[in-house]
Amino acid sequence: MQHAAEPEQATSSGSILRAIYAVLQAAGEPLDEEQLAQRLEEREEPVWRASQDQPLGQLLADSALFERDAAGRWQPTVWSLWRRPLESLDFVVLDSETTGLRPGRDRIIELGAWRLRGELLAESFHSLINPQRPVPAAITRLTGLNEQSLAAAPTIEAVLPELLCFCSEAILVGHNLSFDLHFLAYEAAPLKVHLPSDGIDVLPLARRLLPDQRRFGLAALARRLQVPLTAPHRALPDAEATARVFVQLLRLARQQGITTYGQLQEYLQPLEGKPARLRMQKTSELGGESDQSSERRAGAGRQLSPARLPLSGALWLNPAWRQSFPAQPGVYLMKDGEGRVLYVGKARCLKTRLASYYHHRLGVRPRIDSLLQQVQAIETRPLGSELEALLVESQLIKELQPPYNVQLRDYRHYPFLKIDVQHPFPRLLITREPEADGARYFGPFRSERSLELTRELLQRLFPLATCSRSLPPEAAPSPPCLRYHLGRCLGPCSGQLDSAPYQDLIEEVCAFLRGERPELLERVRLQMEEAAQALHYERAALLRDMLEGAEEVLLCQRLISNAVAANNLFIVYPSACQGHNEIFLIRHGRLLELQRVPHAEQATRQALRNLLRRAAQEQTPPAIVGQAEIDQLMIISRWIKHHSRDRAFFPFSRQALTEREASEELIESIWQALRAQQHEPD
């Protein structure tokens with residue numbers, strides 16, 4: 001039995017099996033076929049809708065991932081495994097020798113394994129492997145294996161299926177097991193064979209059970225537990241020593257009341273924030289519980305189910321990928337089996353961020369569960385800085401429209417408030433397509449609801465035309481409506497109104513939207529309070545919503561205006577690429593150019609001079625902030641705000657763009673700051 005085995009990723013049914021696994025994980029209880037089909041439809045699983053050519057029951061029966069319970073309902077096989085007594089299980093203790101530490105660049109040269117039944121070493125597996133590449137001298141000194149001794153050995157393609165057959169119906173065990181699994185996962189990928197995704201690692205188990213032990217290498221643990229280690233750094237003897245150490249550790253675990261596989265896994269993966277004593281009380285619910293623990297569980301009204309135990313995203317993600325994740329800033333693209341991008345993310349450190357998906361606990365965030373079960377490849381794009389990663393992420397989301405990215409994707413739907421000042425009697429319009437037509441645009445804004453409320457508020461504060469009829473001079477005059485008689489419209493439809501006072505009114509509206517008329521908001525706030533005191537709660541609630549919408553619009557407009565007006569600067573950081581610096585030219589709040597420059601004085605000074613000439617060409621900002629620019633403006637503004645204490649920001653004035661002395665003074669200050677960041681002596 002393979003713990004938390006991963007479905008076959010190469011088959012079309014593999015995606016369906018992963019979807020079913022996620023449904024059962026979210027349900028937390030066994031389901032019959034009709035319930036499963038209904039849950040898959042409710043989750044709108046695309047793989048389920050795309051492929052229903054095989055009966056669901058047959059699909060589940062053909063997979064080792066699932067089994068029927070006593071009532072005939074389907075559940076993951078691992079659920080019953082959690083309740084099995086440890087002495088009833090088979091374990092395969094595995095060890096490998098390799099040409100180095102990195103899968104892909106280095107290869108496996110020896111595999112050894114022992115099968116444990118109870119505490120008995122029942123049978124063994126051993127094979128040398130031809131790595132089809134040179135064996136480093138250091139590895140030969142360590143293991144005694146060289147190219148001559150491995151020349152006649154079979155390749156990994158021949159050995160791996162035999163090893164997996166030997167491991168069938170058993171739980172993998174190893175000392176630093178993840179090392180062996182990463183190499184096996186790399187070798188298994190092109191063969192499209194089924195590989196267990198995890199097991200029991202002796203290393204963390206020993207750390208928990210032997211708190212006074214200082215060293216946890218295999219040799220140190222063997223000495224501590226009086227286990228013979230006959231030939232260190234050879235696969236089969238190391239596997240035998242690991243197996244005997246594991247037997248001794250299981251004896252210590254039983255002394256602490258750990259008797260089932262679920263209890264052992266819970267002990268190795270403790271619940272956050274719970275002391276060890278309480279964790280052990282919880283795990284007792286998985287088997288052999290006392291009357292007291294049963295009463296506590298009944299009193300709490302809930303039961304700890306194996307479905308709720310901490311299975312992680314490693315169930316779906318290939319562990320070999322982790323070896324290639326770079327430890328630097330950048331973006332990552334998660335793709336499905338057909339190469340479609342499902343999700344784009346950014347990270348200060350790609351290696352750390354992507355590793356977190358392997359530890360993501362299934363069932364906590366169903367959307368992440370659904371994403372991970374479809375991921376067949378992860379592309380990483382290392383970049384020079386976190387700020388560049390933020391900007392590239394925004395750009396890629398707009399370009400690729402990944403289905404699992406919610407934010408930053410719908411920028412084309414950002415609304416603008418349009419005032420056609422060229423018309424004698426402008427109206428307030430909401431549009432999603434700003435144009436260079438001489439009209440005034442305020443925005444873009446993320447919330448159309450707040451914009452609609454703001455427009456309604458403006459129509460309350462100012463006697464503006466709100467009707468849709470054509471107005472003079474394009475149309476014939478018409479009788480004014482009720483709003484005119486209530487004093488809430490100047491009545492341009494009558495043909496008696498000169499356009500000058502109406503244009504003055506429009507200027508007041510524009511001033512309000514620029515945040516220059518705060519007393520009008522105060523007037524609305526007083527009206528809201530008066531309505532609440534008079535028990536006119538519906539009117540008070542409407543005024544409150546209008547007030548909040550207007551404040552949101554004004555805040556957004558102020559942020560954009562400030563970003564355009566104030567953010568003219570260089571942002572300079574040491575690059576993640578060794579020996580270089582990242583220079584961002586920000587002009588009118590936008591990223592005008594990014595250069596990666598070697599950390600050399602002349603190269604840096606020349607690059608800054610070129611960038612200043614480029615900035616001088618952009619004397620005035622564009623009249624309209626476009627839809628695609630809003631996120632970049634906000635990203636840069638937030639970055640500047642959150643990193644304002646960094647010695648990396650260098651605003652420049654008009655003089656720096658036009659006067660040589662001022663520009664050279666700015667360049668000197670930037671170079672000295674870069675030297676300080678690199679800790680160079682004066």
Side-chain angles (χ1 to χ4, degrees), residues 1-84 88-92 160-172 188 191-199 261-262 265 305-309 311-318 336-337 362-363 366 369-370 372-376:
M1 62 193 65
Q2 295 166 340
H3 168 51
E6 182 179 12
E8 298 82 351
Q9 297 189 4
T11 65
S12 60
S13 63
S15 296
I16 303 175
L17 293 175
R18 289 193 293 274
I20 294 171
Y21 199 105
V23 166
L24 287 168
Q25 191 71 17
E29 60 182 0
L31 300 174
D32 59 33
E33 292 172 25
E34 182 178 348
Q35 291 171 322
L36 269 175
Q38 182 179 353
R39 298 288 180 91
L40 288 165
E41 289 289 348
E42 290 173 354
R43 288 167 62 101
E44 298 182 351
E45 290 287 351
V47 294
W48 171 246
R49 293 196 303 269
S51 177
Q52 298 188 35
D53 54 345
Q54 186 176 4
L56 183 59
Q58 184 62 44
L59 184 68
L60 293 167
D62 291 343
S63 172
L65 268 179
F66 304 98
E67 65 181 8
R68 292 184 184 271
D69 67 358
R73 299 171 301 175
W74 289 100
Q75 66 179 17
T77 306
V78 68
W79 289 8
S80 60
L81 172 62
W82 283 80
R83 298 185 177 90
R84 292 277 301 276
S88 70
L89 299 173
D90 274 17
F91 298 95
V92 167
L160 189 54
E162 297 178 11
L163 174 67
L164 295 178
C165 183
F166 180 80
C167 296
S168 177
E169 300 298 317
I171 298 167
L172 288 185
L191 301 180
K192 296 181 172 54
V193 295
H194 180 78
L195 182 71
S197 62
D198 62 359
Y261 183 72
Q265 283 290 349
S305 163
R308 299 303 182 191
L309 291 174
L311 295 180
S312 69
L315 176 67
W316 311 123
L317 301 178
N318 189 332
D336 64 13
L362 301 182
D369 298 350
S370 177
L372 295 183
Q373 67 189 263
Q374 299 180 60
V375 174
Q376 299 292 312

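Just so you know, these numbers use all the heavy atoms, side chains as well, and skip hydrogens, waters and symmetry mates.
Ile171 CD1 to Gln265 CD: the interatomic distance, rounded to the nearest 0.5 Å, is 8.0 Å. Distance check, rounded to the nearest 0.5 Å: CD of Glu33 to CG of Leu56 gives 5.5 Å. Here Leu31 contributes atom CG and Gln38 contributes atom CD; the two are 10.0 Å apart, rounded to the nearest 0.5 Å. With rounding to the nearest 0.5 angstrom, the CZ atom of Arg73 is 8.0 Å from the CG atom of Asp32. Atom CH2 of residue Trp74 and atom CD of residue Glu67 lie 9.0 Å apart, to the nearest 0.5 angstrom. For the atom pair CD (Gln373) and CD1 (Ile20), the distance works out to 10.0 Å, reported to the nearest 0.5 Å.
Minimum heavy-atom separation, Asp90 to Glu169: CB-O, 4.0 Å. Closest of all the heavy-atom pairs between Ala170 and Val92 is CB-CG2, 3.6 Å. Between Pro30 and Gln75, the closest heavy-atom pair is CG-OE1, 3.5 Å. Annotation for Leu24 and Glu29: closest pair CD2-O, 3.9 Å, computed over non-hydrogen atoms.
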